[in-house]
Amino acid sequence: MATYLTPALAWRRLRDGNERFVSGKSSHPNQDASRRSSLVENQHPFAVIFGCSDSRLAAEIIFDLGLGDAFVVRTAGQVIDDAVLGSLEYSVSVLSVPLIVVLGHDSCGAVTATKAAVETGQMPVGFMRSLVERITPSVLTSLRNNQTDVNDMVVENVKQTSQRLVDSSRVISEAVESGRAAVIGLAYSLADGRADLVSGIGEL
């Protein structure tokens with residue numbers, strides 16, 4: 001069955017699921033065989049979650065979701081590339097998902113590595129360098145604002161990533177402008193499991 005939610009209702013559903021997870025009362029919805037069978041022909045996720053690849057940030061678990069609920073894209077440090085943008089545009093234009101979530105977390109390794117590279121001038125080797133280069137603007141902005149803590153840089157990276165999605169993709173920006181979708185930034189606490197709203201673009 002299709003789930004046509006407004007961005008605000010989609011965010012409320014995610015928030016309710018996160019509250020259950022934080023309080024240890026997860027209900028593990030939509031994870032049984034009948035749900036699996038019902039999704040064979042199509043899918044109607046109500047949110048797309050673009051988060052960090054960190055193993056402690058499993059989207060379906062921290063928002064207490066099941067099969068077919070969330071379209072999930074993950075890269076280290078939630079770094080954007082063409083494949084990420086294509087995936088997010090697919091979720092918005094083909095699946096009509098009303099909410100894009102950019103999900104960062106405290107103690108992020110990719111942001112920590114970028115902070116170290118900026119401070120020492122030593123870049124990591126291989127393709128990790130690409131991650132660091134893309135996160136560097138967020139670290140520099142934080143430092144200019146006298147925010148030297150990695151977790152402040154994580155929040156800045158979430159905000160800049162959210163804005164970059166809207167700036168880079170006409171599909172996403174038009175969906176936001178028309179009110180069909182919104183983009184929110186969340187910062188997740190590894191210790192207590194809470195995902196807090198740190199930015200929002202569009203009607204919520």
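In this text the structure is predicted, and so the values were computed from the model without any measurement.
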[Y] side chain reached by [X] side chain, heavy atoms, under 4.5 Å:
{"X": "Leu197", "Y": "Trp11", "answer": "yes"}
{"X": "Pro137", "Y": "Gln160", "answer": "yes"}
{"X": "Leu14", "Y": "Val101", "answer": "yes"}

Subject >> SB check Glu19 Lys25 (cutoff 4.0 Å) >> reply: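 Result for this pair is no, no salt bridge flagged.
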Subject >> Sole residue of Thr161, Asn157, Asp152 in side-chain hydrogen bond (donor to acceptor under 3.5 Å, both in side chains) with Ser138 >> reply: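 Of all the options given, the one that passes is Asn157.
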**OP:** State which residue, out of Arg35, His44, Gln43, Gln31, fulfils the side-chain hydrogen bond (donor to acceptor under 3.5 Å, both in side chains) condition with Asp69.
**Re:**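 Of the listed residues Arg35, His44, Gln43, Gln31, the side-chain hydrogen bond (donor to acceptor under 3.5 Å, both in side chains) partner of Asp69 is Arg35.
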Subject >> Evaluation steps, side chain to side chain contact (heavy atoms under 4.5 Å, CB included), between Val72 and Val48 >> reply: CA-CA 6 Å; Val72 180; Val48 53; over 6 Å; no
Of all the heavy-atom pairs spanning [X] and [Y], show the shortest one and how long it is.
{"X": "Pro7", "Y": "Pro98", "result": "CG-O, 3.4 Å"}
{"X": "Ile62", "Y": "Arg56", "result": "CG2-O, 4.5 Å"}
{"X": "Asn151", "Y": "Ser107", "result": "OD1-N, 2.8 Å"}
{"X": "Glu60", "Y": "Gly66", "result": "CG-O, 4.5 Å"}
{"X": "Ser93", "Y": "Val171", "result": "CB-CG1, 4.0 Å"}
{"X": "Val198", "Y": "Ala187", "result": "CG1-CB, 3.8 Å"}

Original post:
Under 3.5 Å, is there a donor-acceptor pair linking the side chains of Ser189 and Asp192?
Top reply: yes
[Y] backbone acceptor or donor facing [X] side chain under 3.5 Å:
{"X": "Asn145", "Y": "Gln147", "answer": "no"}
{"X": "Asn30", "Y": "Gly68", "answer": "no"}
{"X": "Asp54", "Y": "Cys108", "answer": "no"}
{"X": "Arg129", "Y": "Pro124", "answer": "no"}
{"X": "Thr120", "Y": "Gln122", "answer": "yes"}

Subject >> Step-by-step side chain to side chain contact (heavy atoms under 4.5 Å, CB included) determination, Asp16 to Phe63 >> reply: CA-CA 8 Å; Asp16 290 348; Phe63 293 110; over 6 Å; no
Subject >> Verdict with reasoning, Val183 to Val166, per side chain to side chain contact (heavy atoms under 4.5 Å, CB included) >> reply: CA-CA 8 Å; Val183 179; Val166 176; 4.0 Å; yes
Original post:
Mind checking what makes salt bridge (Lys or Arg N to Asp or Glu O under 4.0 Å) contact with Arg12, not counting sequence neighbours?
Top reply: none
Original post:
Is the cationic atom of Arg13 (NZ for Lys, CZ for Arg) positioned less than 6.0 Å from the six-membered ring centroid of Phe46 and within 45 degrees of its normal?
Top reply: yes
Nearest 0.5 Å, what's the [atom1]-[atom2] distance between [X] and [Y]?
{"X": "His105", "Y": "Leu186", "atom1": "NE2", "atom2": "CG", "answer": "13.0 Å"}
{"X": "Leu57", "Y": "Tyr188", "atom1": "CG", "atom2": "OH", "answer": "6.5 Å"}
{"X": "Gln78", "Y": "Arg134", "atom1": "CD", "atom2": "CZ", "answer": "13.5 Å"}
{"X": "Thr75", "Y": "Ile80", "atom1": "OG1", "atom2": "CD1", "answer": "8.5 Å"}
{"X": "Leu95", "Y": "Glu89", "atom1": "CG", "atom2": "CD", "answer": "13.0 Å"}
{"X": "Gln163", "Y": "Leu165", "atom1": "CD", "atom2": "CG", "answer": "9.5 Å"}

Original post:
Quick one: which of Val158, Leu140, Leu143 gives a side chain to side chain contact (heavy atoms under 4.5 Å, CB included) with Met153?
Top reply: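 Of Val158, Leu140, Leu143, side chain to side chain contact (heavy atoms under 4.5 Å, CB included) with Met153 is met by Leu143 alone.
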Original post:
When you look at CD of Glu203, are more than 12 heavy atoms from neighbouring residues, nucleotides or ligands closer to it than 6.0 Å?
Top reply: no
Original post:
With a cut-off of 6.0 Å (strictly less than), are more than 12 heavy atoms of other residues, nucleotides or ligands near CD1 of Ile61?
Top reply: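 No.
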Examine [X] and [Y] and state if one hydrophobic cluster contains both, with Ile, Leu, Val, Met, Phe, Trp and Tyr joined whenever side-chain heavy atoms are less than 4.5 Å apart.
{"X": "Val84", "Y": "Val102", "result": "yes"}
{"X": "Ile135", "Y": "Met123", "result": "no"}
{"X": "Phe50", "Y": "Leu99", "result": "no"}
{"X": "Val154", "Y": "Val132", "result": "no"}
{"X": "Phe71", "Y": "Ile184", "result": "no"}

Original post:
Sequence neighbours excluded, which residues qualify as side chain to side chain donor-acceptor pair (under 3.5 Å) partners of Asp64?
Top reply: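 Only Arg20, Ser27 meet the side chain to side chain donor-acceptor pair (under 3.5 Å) criterion with Asp64.
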Subject >> Evaluation steps, side chain to side chain contact (heavy atoms under 4.5 Å, CB included), between Val155 and Lys159 >> reply: CA-CA 6 Å; Val155 170; Lys159 291 176 179 176; 3.7 Å; yes
